[in-house]
Amino acid sequence: MTVRHGAHRRARLYRLSQAIILAAGMAGLVSAASAQMRDDTAATDVEPLMRQGGGDQLNAAPMAGTMIARAFHHDVGLNARAYAGGGGIGGLFDRVRLAALNTGTASDAVHPMGAYGSASRNVWLRGMAMDGKLGGDAQTAGSSYRATGLVGGVALGLAPGVTAGVAFTAMSGRVSTSGSADSTRIRTPMLAMFAARADGPLQMSGSLSLGRPNYRSERGVTLAGVSSTATGDRDGTEVGLNLEASYGLRPGFAGLSGELRPFVAVQAQRTRIDGFTESGAGAADLTVSASRLSTSSGTTGLRHAVPLNDGRAAVESRIGLLHEFGSRRASIDANFVGALAGTGFTTEGSALKRNALLLGLGIGGEVAKHWNLFADLSFETRGSGQNTTGLALQLRKQW
């Protein structure tokens, strides 16, 4: 009995040990398979999601919004300076100023607001279109954007050579990622206050803006062989400041007709973007934290305005060099929906090149008493595929 009982016990222990070995082996196989699955997913799905979805598309939209905001300040500055009587054709020279330049008799006492006696109120409406490329680098594929919309404003003459007013813009566009169907629709409503003063040949102007941009993104996702679209909707708050000083040289300077005006300008833009969570792609949706983008730049250059048709029209050419001082790329902190805390990642968009060459050409003239028409073409290039082209057509009423 004792021998038989011991044999049974040894048999049970043997079977138990075999079961433990088998279970351990199965656990090892499952663990190895899971690790391989994670590696395969990282190589085929997660990395593109992080780089293309997070790094390119979601970061490119705020940077494109910054470029649109800069164009808005450029438009406001052109009009503010012209209305204050400091020269140039941003809001168009008035007939008296142009005629004086054409005959070489321009003086500090002549300023555009006096062209029609007591006329000191100006209203303008401008249609704008922009096409830009943000380029790419070793980490990002690069993005491009297109935007169209309206810019308008009202300027009031407060005193000879002094003007102030308000302006608005309603621009919308789309940001696309190179080599991908991913895109973000962007809307950038902004309101600005501006003022300008001309004191002899010296002129100063400034504008302060507040905007509420909206970004709606669509990101294609393929996970485990299933394709879907992750959509996100986020708002932002944007504050911008632009300051400029210029000095008008006398007609005939360096043998040039018309007016030559050197200028320097600084601009700062700060955008806070709300956090959001994507929907539509299940486990591949991203939860993105709130972020900030702060940019600042300085520009120096020359404007040259030449009157045409006995002073009833003018053409202006300009050239400038821009230098970026602040942040040159946007970044986000994100994680996949449902992922453990502390397992998120940070991605960055394409970096703007530090320096840019600015070129511009404008032409405008009087189409009827108190009515002026103005067209402007601008081009900015930073090299390495980063450039922006802008086209604008403006109608102005003065009374």
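Reckoned from all heavy atoms, side chains included, excluding hydrogens, waters and symmetry mates.
- Judged by distance alone, the side chain of Arg187 and the main-chain N or O of Met171 form no donor-acceptor pair under 3.5 Å.
- For the pair Glu238 (side chain) and Pro213 (backbone), a donor-acceptor distance under 3.5 Å is absent.
- Leu322 shares a hydrophobic cluster with Leu358; the chain of contacts runs through ILVMFWY side chains whose heavy atoms sit under 4.5 Å apart.
- Scanning both residues, Gly280 and Ser228, for their nearest heavy atoms gives O-CB, 3.6 Å.
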| task | Please assess Arg303 against Ser246 for the test side chain to side chain donor-acceptor pair (under 3.5 Å), listing each intermediate value before the final yes or no. | result | CA-CA 9 Å; Arg303 299 189 186 95; Ser246 64; 4.9 Å; no

| query | When you look at Phe72 and Ser209, which way does the side-chain contact (heavy atoms from CB on, under 4.5 Å) test go after all the steps? | reply | CA-CA 9 Å; Phe72 175 52; Ser209 68; 4.3 Å; yes

| said: Pair Arg216, Asp233 - check salt bridge (charged side-chain N to carboxylate O under 4.0 Å, His left out), show working. | reply: CA-CA 4 Å; Arg216 181 173 178 80; Asp233 195 296; 3.5 Å; yes

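- Residues Asn242 and Arg70 have side chains that never bring a donor and an acceptor to within less than 3.5 angstrom of each other.
- Between the side chain of His370 and the main chain of Lys397, no donor-acceptor pair closer than 3.5 Å is present.
- With a 4.5 Å cut-off on side-chain heavy atoms, Pro201 and Arg261 do not count as touching.
- The environment of CZ in Arg146 is sparse: at most 12 heavy-atom neighbours from other residues, nucleotides or ligands sit within 6.0 Å.
- Counting only heavy atoms from C-beta outward, the side chains of Phe168 and Val154 never approach each other to under 4.5 Å.
- The two residues Leu158 and Ala164 make their nearest non-hydrogen contact at CD1-CB, 3.9 Å.
- Between Glu278 and Ser217, the shortest heavy-atom contact is OE2-OG, 4.5 Å.
- Here the shortest heavy-atom pairing between Thr163 and Gly157 reads OG1-N, 4.2 Å.
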| request: Go through the steps to decide whether Leu357 and Leu321 satisfy the test side-chain contact (heavy atoms from CB on, under 4.5 Å), and finish with yes or no. | output: CA-CA 5 Å; Leu357 173 66; Leu321 295 175; 3.8 Å; yes

| Should Leu134 and Met63 be marked as a side-chain contact (heavy atoms from CB on, under 4.5 Å) after you check the CA-CA gap, both sets of side-chain angles, and the distance that decides it? | CA-CA 8 Å; Leu134 298 176; Met63 187 60 74; 4.2 Å; yes

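- In this structure a side-chain-to-backbone donor-acceptor pair under 3.5 Å is missing from Thr229 to Gly220.
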| request: May I have the step-by-step check of salt bridge (charged side-chain N to carboxylate O under 4.0 Å, His left out) for Asp182 and Arg219, ending in yes or no? | output: CA-CA 5 Å; Asp182 298 348; Arg219 185 170 56 85; over 6 Å; no

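- Between the side chain of Asp285 and the backbone N or O of Gly282 there is at least one donor-acceptor pair closer than 3.5 Å.
- Here the side chains of Phe379 and Asn387 are in contact, with some heavy-atom distance below 4.5 Å.
- Using a 4.5 Å heavy-atom cutoff, the side chains of Pro62 and Tyr215 are in contact.
- No path of Ile, Leu, Val, Met, Phe, Trp and Tyr side chains, each step under 4.5 Å between heavy atoms, connects Val264 with Leu241, placing them in separate hydrophobic clusters.
- Here the side chains of Met193 and Ser207 are not in contact, with every heavy-atom distance at 4.5 Å or above.
- Interatomic distance, Arg272 CZ to Asp235 CG, rounded to the nearest 0.5 Å: 11.0 Å.
- In this structure, the side chain of Arg126 does not engage the main chain of Gly149 through any donor-acceptor pair within 3.5 Å.
- Between Met128 and Gln394, the closest side-chain pair of non-hydrogen atoms is not below 4.5 Å.
- Closest approach of Ser183 to Arg174, counting heavy atoms only: OG-NH1, 3.0 Å.
- Panel note: side chain Glu316, backbone His304; no donor-acceptor pair is recorded below 3.5 Å.
- Leu393 and Val367 fall within a single hydrophobic cluster, where Ile, Leu, Val, Met, Phe, Trp and Tyr side chains are chained together by heavy-atom contacts under 4.5 Å.
- No side-chain N or O of Arg185 forms a donor-acceptor pair with one of Ser172 less than 3.5 Å apart.
- For the residue pair Thr388 / Tyr145, a side-chain donor-acceptor distance below 3.5 Å is found, with atom types taken as modelled.
- Leu243 and Leu208 fall within the same hydrophobic cluster, defined by Ile, Leu, Val, Met, Phe, Trp and Tyr side-chain heavy atoms under 4.5 Å apart, directly or through other members.
- Side-chain contact between Val288 and Asp333 is absent, with no heavy-atom pair separated by less than 4.5 Å.
- In this model, no donor atom of one side chain and acceptor atom of the other lie less than 3.5 Å apart for Glu366 and Asn372.
- A side-chain donor-acceptor contact under 3.5 Å links Asn214 to the backbone of Arg234.
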| said: I'd like to know whether Ile68 forms a side-chain contact (heavy atoms from CB on, under 4.5 Å) with Met130, so could you lay out the CA-CA distance, the side-chain angles of the two residues, the decisive distance to 0.1 Å, and finally the verdict. | reply: CA-CA 8 Å; Ile68 294 172; Met130 296 178 63; 4.1 Å; yes

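- There is no path of hydrophobic side-chain contacts, each under 4.5 Å, that joins Leu191 to Val76.
- Ile332 and Val337 sit in two unconnected hydrophobic clusters of ILVMFWY residues. Membership requires side-chain heavy atoms under 4.5 Å apart, directly or through other members.
- Counting heavy atoms from C-beta outward, Leu377 and Thr389 have side chains that approach closer than 4.5 Å.
- Judged by distance alone, the side chain of Thr169 and the main-chain N or O of Leu150 form a donor-acceptor pair under 3.5 Å.
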| request: Could you please spell out the steps behind the ring pair (Phe, Tyr, Trp, His ring centres under 6.0 Å) verdict for His323 and Phe325? | output: CA-CA 6 Å; His323 181 78; Phe325 294 104; 4.8 Å; yes

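- Residues forming a salt bridge (charged side-chain N to carboxylate O under 4.0 Å, His left out) with Arg270 (at least two apart in sequence, or on another chain): none.
- Pairing each heavy atom of Asp376 with each of Gly362, the nearest pair is OD1-CA, 3.8 Å.
- When the options Lys353, Arg354, Arg382 are evaluated for a side-chain hydrogen bond (donor to acceptor under 3.5 Å, both in side chains) with Glu324, the one that passes is Arg382.
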